[in-house]
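Each remark here refers to the structure printed beneath this line.
Ligands are counted one by one from 1 in listed order, and the atoms in each one are counted from 1 as well. None of the values given here were measured: they were computed from a predicted structure.
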Amino acid sequence: MPSKCRQHGINRAPVGPPVAAASIYLDHQATTPCDPEVVAAMAPWWSDGFANPSSRLHRPGLEAAAQLGCSREQLAAALAVPPEAVVLTSGATEANNLAIKGLCEARLGRGRHIVTVATEHRAVLDPCRYLERLGFALTVLPVASDGLLDLAQLEMALRVDTVLVSVMAANNEIGVLQPLEAIAAICRARGIAFHVDGAQLVGHRRFEPLELGIDLLSLSSHKFYGPKGVGALVVAPGVELMPQLHGGGQEGGLRSGSTPLPLVVGLAEALSRALADAPERAQRLGQLRDQLWQGLQSLGGVKLNGSANQRLAHNLNVSFEGVDGARLHSALRRRLAVSGGSACSSDSAEPSHVLLALGRSRQEAAASVRFGLGRSTTVEQIDHTLEWIHQQLQVLR
Ligand SMILES: *Cc1c(COP(=O)(O)O)cnc(C)c1O
């Protein structure tokens, strides 16, 4: 089969993406474009400032180490945690794996029971299932039809041998916000560690994990207008983890591997910048989201997925009644860049486990659309989106 990839010759200028077909990008929960100011902040650290921050015997290395320290402080300050609490990783998937496996391994002598929720990201569910295969007991709690966790059910699930509870801050498909502070209080009273996958919330509102009583927090730079391939796990003081990558001993021994300084510079800068305009952005995108939802409701035959008020301002997820999911998405993708279930799942033929957990049928789940609004979203784009969906539904229904 001929390769679809264009050849990248060494002497040729790199080939960029195809000049964009007129697609309206509404998939900011899958990833966000990197802020140009962030790209500019990273630039010198790819070339002139290329030295390894672990090279402490020469000046370029020391300069890189000084910048790494500054970026770590910037990141820590944005999260109101001490710089030592930040463990840099390749993203939220790795942070979740380190948190879940690392904590369970460190507490092996204390118990072997983990509690999580049916609507978690695969990067939480799969490490938990992996531990289950190794002999841990796993409770996966259901959610109500609005996607929210029932605290009484959580309390009933806890056992004397429970070592970890993992609940996400904001859902990547339906944007639902879980009651983190209440969950943290329940865990703290029993000496159970509390991990939060914060990939969808960090950078979108001010979020102080230690203040909330969270022991472990995962975050990912590319979800808040930063570079891809970098993230962090925040580890509250006193919480012990076993490293999952062994080697050079970077990140206090918790995550070996040469530190990608340009990416870390970008991560810290992106978080500062994303938080600086977060309140404004949430207000503006909340209005656009409401405009979209009202427009969709007026077309008829749409159901909102997830709580109407306990959700991210920039997320809307709906099921369309009376249409085939595959046909709907092939019509929408001619103009819109939206997701159905989860873009993070490589097996896109399977209906979303999140929507099934809300009680949607397989057919409803397949005919669902996630609209993820972001910095670049405009009123005109929302108007065009509604117009396109209106036209397509007339054909499809
Ligand atoms: C995107 C996402 C992840 C994965 O993050 P990466 O940095 O891409 O590995 C994990 N959890 C949630 C909730 C996400 O939205």
Side-chain angles (χ1 to χ4, degrees), residues 26-34 38 75 86-102 116-130 140 143 147 149 166-178 180 183 194-205 207 209 214 216-234 244-245 255 257 260 263-264 266-268 270-271 274 305-306 310-317 338-348 352-355 357 370-374:
L26 293 173
D27 203 15
H28 288 85
Q29 258 97 68
T31 195
T32 55
C34 193
V38 170
L75 188 58
V86 175
V87 178
L88 297 164
T89 67
S90 63
T93 300
E94 190 193 331
N96 287 344
N97 274 267
L98 174 57
I100 294 166
K101 297 177 193 166
T116 189
V117 185
T119 48
E120 290 295 308
H121 193 278
R122 288 271 305 273
V124 164
L125 290 173
D126 284 7
C128 288
R129 291 186 188 123
Y130 167 80
V140 180
V143 291
L149 178 63
S166 181
V167 181
M168 72 202 321
N171 188 276
N172 51 301
E173 294 190 37
I174 54 176
V176 165
L177 304 167
Q178 298 292 359
L180 299 182
I183 299 169
F194 180 34
H195 167 246
V196 172
D197 178 347
Q200 292 290 342
L201 192 64
V202 172
H204 298 281
R205 56 169 75 174
F207 188 65
I214 293 166
L216 298 159
L217 172 75
S218 304
L219 60 98
S220 176
S221 155
H222 75 98
K223 300 295 173 71
F224 50 80
Y225 307 93
K228 298 168 200 341
V230 67
L233 180 68
V234 175
Q244 301 299 305
L245 285 178
R255 200 281 188 179
L263 296 180
V264 176
L267 161 67
L271 185 56
N305 292 319
Q310 291 299 106
R311 71 186 303 136
L312 292 171
H314 57 284
N315 170 283
L316 183 70
N317 189 312
V338 290
S339 277
S342 168
C344 305
S345 163
S346 49
D347 190 3
S348 55
S352 147
H353 70 279
V354 173
L355 298 178
R370 173 181 74 181
F371 300 95
L373 285 58

Taking only heavy atoms of [X] into account, list the atoms of ligand 1 that are under 4.0 Å away from them.
X	answer
His222	6 (P), 7 (O), 8 (O)
Asp197	10 (C), 11 (N), 12 (C), 13 (C)
Met168	13 (C)
Ala199	2 (C), 11 (N), 12 (C), 13 (C), 14 (C), 15 (O)
Gly91	7 (O)

Heavy atoms only: give me the nearest [X]-[Y] pair and the separation to one decimal.
X	Y	value
Gly226	Ala270	CA-CB, 3.4 Å
Leu177	Arg205	CD1-NH2, 3.5 Å
Leu267	Gly231	CD2-O, 3.9 Å

**Report entry** Among Val338, Asn317, Asn305, Leu355, the one residue meeting side-chain contact (heavy atoms from CB on, under 4.5 Å) with Arg370
**Finding:**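 Among Val338, Asn317, Asn305, Leu355, the one meeting side-chain contact (heavy atoms from CB on, under 4.5 Å) with Arg370 is Asn317.
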State whether the shortest distance between N or O atoms of [X] and N or O atoms of ligand 1 falls below 3.5 angstrom.
X	result
Gln200	yes
Ser220	yes
Ala92	yes
Lys223	yes

Report task. Indicate, with yes or no, if the rings of His314 and His28 have centres closer together than 6.0 Å. Result ->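 Distance test on ring centres: not under 6.0 Å, no.
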Query raised in the report: Is there a donor-acceptor pair closer than 3.5 Å between any side-chain N or O of Asp27 and the backbone N or O of Gly372?
Result: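 Absent.
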Report task. Decide side-chain contact (heavy atoms from CB on, under 4.5 Å) for Val124 and Met168; before the verdict, give the C-alpha distance in whole Å, the side-chain angles of both, and the deciding distance to 0.1 Å. Result -> CA-CA 9 Å; Val124 164; Met168 72 202 321; over 6 Å; no
Report task. Nearest heavy atom to atom 9 (O) of ligand 1 wins, so pick from Thr89, Thr93, Asn172. Result ->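 Of the listed residues, Thr93 has the closest heavy atom.
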